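Quick caveat, the model's predicted, so the values are computed rather than measured. Chain letters run A, B, ... following the sequence lines, proteins first and then strands; every chain starts at 1.
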Protein chains: 2
Amino acid sequence: MRTLKYAILGLLNRRSMTGYDLMKDFNLDLVNFWYARHSQIYPELKKLTDEGLITYETIIQGERMEKKLYSITQQGQKDFAAWILEKDLLEPTPKDIFRLKTYFIEAMELDQMIDHFEYQLEQREEKLKKLKNTMDHHPFTKGWVKIGTTKYGDYIVLKGAVMREQTYIQWLKECIEEMQCGILKK
Amino acid sequence: MRTLKYAILGLLNRRSMTGYDLMKDFNLDLVNFWYARHSQIYPELKKLTDEGLITYETIIQGERMEKKLYSITQQGQKDFAAWILEKDLLEPTPKDIFRLKTYFIEAMELDQMIDHFEYQLEQREEKLKKLKNTMDHHPFTKGWVKIGTTKYGDYIVLKGAVMREQTYIQWLKECIEEMQCGILKK
DNA sequence: GTATACATGTAAAAAGTTACATGATTTT
DNA sequence: AAAATCATGTAACTTTTTACATGTATAC
């Protein structure tokens, strides 16, 4: 479906940037719903250039370091606009190794199960803390942003990420509690 | 990480079955956290057989239809047991095209945004209805299953899937409401 | 008899990860 | 001077998807 293509076009539609900048965006803002390594980004940029959807301008940083500043073309904008308006059917449920292991929980002892859940809980709580911190510093939270601006999209996906994480944590906690009752009954 | 390998071993650790049976399991029970097409399953079964982790027995169904009944070996059980006890670091957040499009929401008009959200909401509500139905018919819900049995894992991941879907829906609804306020202000 | 489900595979392509490879600039 | 960050690429491999390919058994 070439989703990476549209993710890149969408970012370049906001502002021109280098492959390195794109990489940073994927690993910061977008990491909660899309990501890509630089080894995937650079070849894709080449491909999009060949297809005429983006162009670049070579810039010299400092004495001699070259970097390529990519911009979206008119054709790229058209292509992106068509994609974003497409109505999608539900995607398959995302894969989740933790849930897979949980499905096979009969292969663990009760105390191992609880360990397994508590380790996951620790990590998820750490992640939620970071997400909430990002959210608290977001301009929309502070009442500075209006619907329809660039930052509005950033804000609602962030809010969605917080809610998703909170629910995961709630699930973990409820399971732990239930399993601890199992121990007490022993 | 060969997750498909362990998913197959885990299923065969419960009971012997054919590649076709595995495929059905992936598309029914496991679909909420893992899945694979038959074109991925059959080659993997061959590989696991070569590795000595599973074996098969050819069975004749009816007059001449051959099918292979796969079973886990001792080595396979050992391998699976080691995997399930491994402590995993958090996986990267799952990719989500809907959230990606939402991030780029500035490229849509307000009424298009709402359409986009309402279409997703419809589909998610349909999915939640099915999940809840499965849950209501689950033996654990009816109080028949104890912690530590095979069906307990099935139950808690199902419960997690329901919670995840409810949260997605709640997020969609809150966004729609917020956007509708944006329309009223016009 | 016809449609659906059962049953098993392969080939080609796309998507994604890990490792290899190099060098400049800025911060400490 | 060293470490961190900026900057760009390729190669090999794994994972996943889509399409091709074939035939049997069962339910209606």
Side-chain angles (χ1 to χ4, degrees), chain A residues 1-9 12 16-28 30-31 33-51 54 56-70 88-89 91-97 100, chain B residues 1-8 12 16-28 30-31 33-51 54 56-70 88-97 100:
Chain A
M1 287 197 309
R2 306 219 35 206
T3 310
L4 178 61
K5 162 182 162 178
Y6 297 106
I8 291 174
L9 289 180
L12 294 179
S16 295
M17 51 181 138
T18 67
Y20 193 81
D21 294 331
L22 284 163
M23 188 194 68
K24 277 193 300 180
D25 267 27
F26 277 117
N27 293 299
L28 291 173
L30 278 77
V31 81
F33 47 90
W34 207 265
Y35 50 86
R37 322 237 168 200
H38 77 275
S39 60
Q40 211 184 345
I41 294 169
Y42 289 115
E44 189 66 32
L45 285 169
K46 201 178 178 183
K47 198 174 175 187
L48 294 175
T49 306
D50 292 344
E51 292 171 334
I54 60 176
Y56 68 87
E57 186 189 352
T58 304
I59 299 220
I60 303 293
Q61 181 90 343
E63 284 299 300
R64 75 205 116 188
M65 195 171 75
E66 288 191 354
K67 60 179 186 179
K68 291 177 181 169
L69 187 67
Y70 287 92
D88 303 302
L89 291 177
E91 290 178 80
T93 315
K95 292 182 176 183
D96 184 329
I97 297 176
L100 178 64
Chain B
M1 288 196 307
R2 306 217 37 206
T3 310
L4 178 60
K5 163 184 161 177
Y6 296 106
I8 290 174
L12 293 180
S16 296
M17 51 180 135
T18 67
Y20 193 81
D21 294 330
L22 285 163
M23 187 194 72
K24 277 192 301 178
D25 267 28
F26 277 117
N27 293 299
L28 290 172
L30 279 78
V31 81
F33 47 90
W34 207 268
Y35 50 87
R37 321 234 169 202
H38 78 275
S39 60
Q40 209 184 347
I41 294 168
Y42 289 115
E44 188 66 31
L45 285 170
K46 202 178 178 181
K47 199 174 175 187
L48 294 175
T49 306
D50 292 344
E51 291 171 333
I54 59 176
Y56 68 86
E57 188 191 350
T58 304
I59 300 221
I60 304 294
Q61 181 91 345
E63 283 299 301
R64 77 205 115 186
M65 195 171 77
E66 287 192 354
K67 60 179 186 181
K68 291 176 181 170
L69 187 67
Y70 287 92
D88 302 303
L89 291 177
L90 232 52
E91 291 178 80
T93 313
K95 292 182 176 182
D96 183 330
I97 298 175
L100 178 64

| message | Checking Phe33(B) now: which residues fulfil ring pair (Phe, Tyr, Trp, His ring centres under 6.0 Å) with it, not counting sequence neighbours? | response | Tyr103(A)
| remark: Sequence neighbours excluded, the answer for side chain to side chain donor-acceptor pair (under 3.5 Å) partners of Glu51(B) is Arg2(B)
| Pairs in or reaching into residues 58-69 of chain B: which pass side-chain hydrogen bond (donor to acceptor under 3.5 Å, both in side chains), with residues at least two apart or in two chains? | Gln61(B)-Lys67(B)
| Atom CD of Glu44(B) to atom P of dT15(D): distance rounded to whole Å? | 8 Å
| Residues in side chain to side chain contact (heavy atoms under 4.5 Å, CB included) contact with Pro94(B), at least two apart in sequence or another chain | Pro94(A), Arg164(A)
| note | The side chain to side chain contact (heavy atoms under 4.5 Å, CB included) partners of Asp88(B) (sequence neighbours excluded) come to Ile97(A), Lys101(A), Glu86(B)
| message | Just to be sure I understand the rule, does Tyr56(B) reach a base, reach only the sugar-phosphate, or reach nothing, if contact means heavy atoms closer than 4.0 Å? | response | nothing
| message | Tell me the interatomic distance from Tyr35(B), atom OH, to dT17(D), atom C1', rounded to whole angstroms. | response | 10 Å
| Are the side chains of Tyr35(B) and Leu4(B) in touch, meaning some heavy atoms are under 4.5 Å apart? | no
| note | Shortest non-hydrogen pair, Trp34(B) vs Asp96(A), comes out as CE3-N, 4.0 Å
| Which pairs count as salt bridge (Lys or Arg N to Asp or Glu O under 4.0 Å) when at least one residue sits in residues 16-25 of chain B, sequence neighbours excluded? | none
| Pairing residues for Thr49(B) by the side chain to side chain contact (heavy atoms under 4.5 Å, CB included) criterion, not counting sequence neighbours | Ile54(B), Tyr56(B), Tyr70(B)
| message | Nearest to the Arg2(B) side chain among dT10(D), dT15(D), dA25(D), which nucleotide is it? | response | dT15(D)
| field | Helical bend (five base pairs per end, nearest 10°) for the helix from dG1(C)-dC28(D) to dT28(C)-dA1(D) | value | 40°
| query | With sugar-phosphate meaning primed atoms plus P, OP1 and OP2, does Lys95(A) contact a base, only sugar-phosphate, or nothing at under 4.0 Å between heavy atoms? | reply | sugar-phosphate
What does the list of N/O pairs under 3.5 Å between the protein and nucleotides 6-8 of chain D look like, with a distance for each?
| from | atom 1 | to | atom 2 | distance (Å) |
| --- | --- | --- | --- | --- |
| dC6(D) | OP2 | Tyr20(A) | OH | 3.0 |
| dA7(D) | OP1 | Lys67(A) | NZ | 2.8 |
| dT8(D) | OP1 | Lys68(A) | N | 2.8 |
| dT8(D) | OP2 | Tyr20(A) | N | 3.0 |
| dT8(D) | OP2 | Tyr42(A) | OH | 3.1 |

| field | chain B contact limits on DNA chain C, taken 5' to 3' with a cut-off of 4.0 angstrom to heavy atoms | value | dA5(C) to dG16(C)
| For Lys5(B), which residues count as a salt bridge (Lys or Arg N to Asp or Glu O under 4.0 Å) partner, sequence neighbours excluded? | Asp79(B)
| said: Using heavy-atom distances to pick each residue's nearest nucleotide on DNA chain C, tell me which of Glu63(A) and Arg37(A) is more 5'. | reply: Arg37(A)
| Excluding sequence neighbours, so at least two apart, what forms side chain to side chain contact (heavy atoms under 4.5 Å, CB included) with Tyr42(A)? | Tyr20(A), His38(A), Leu45(A)
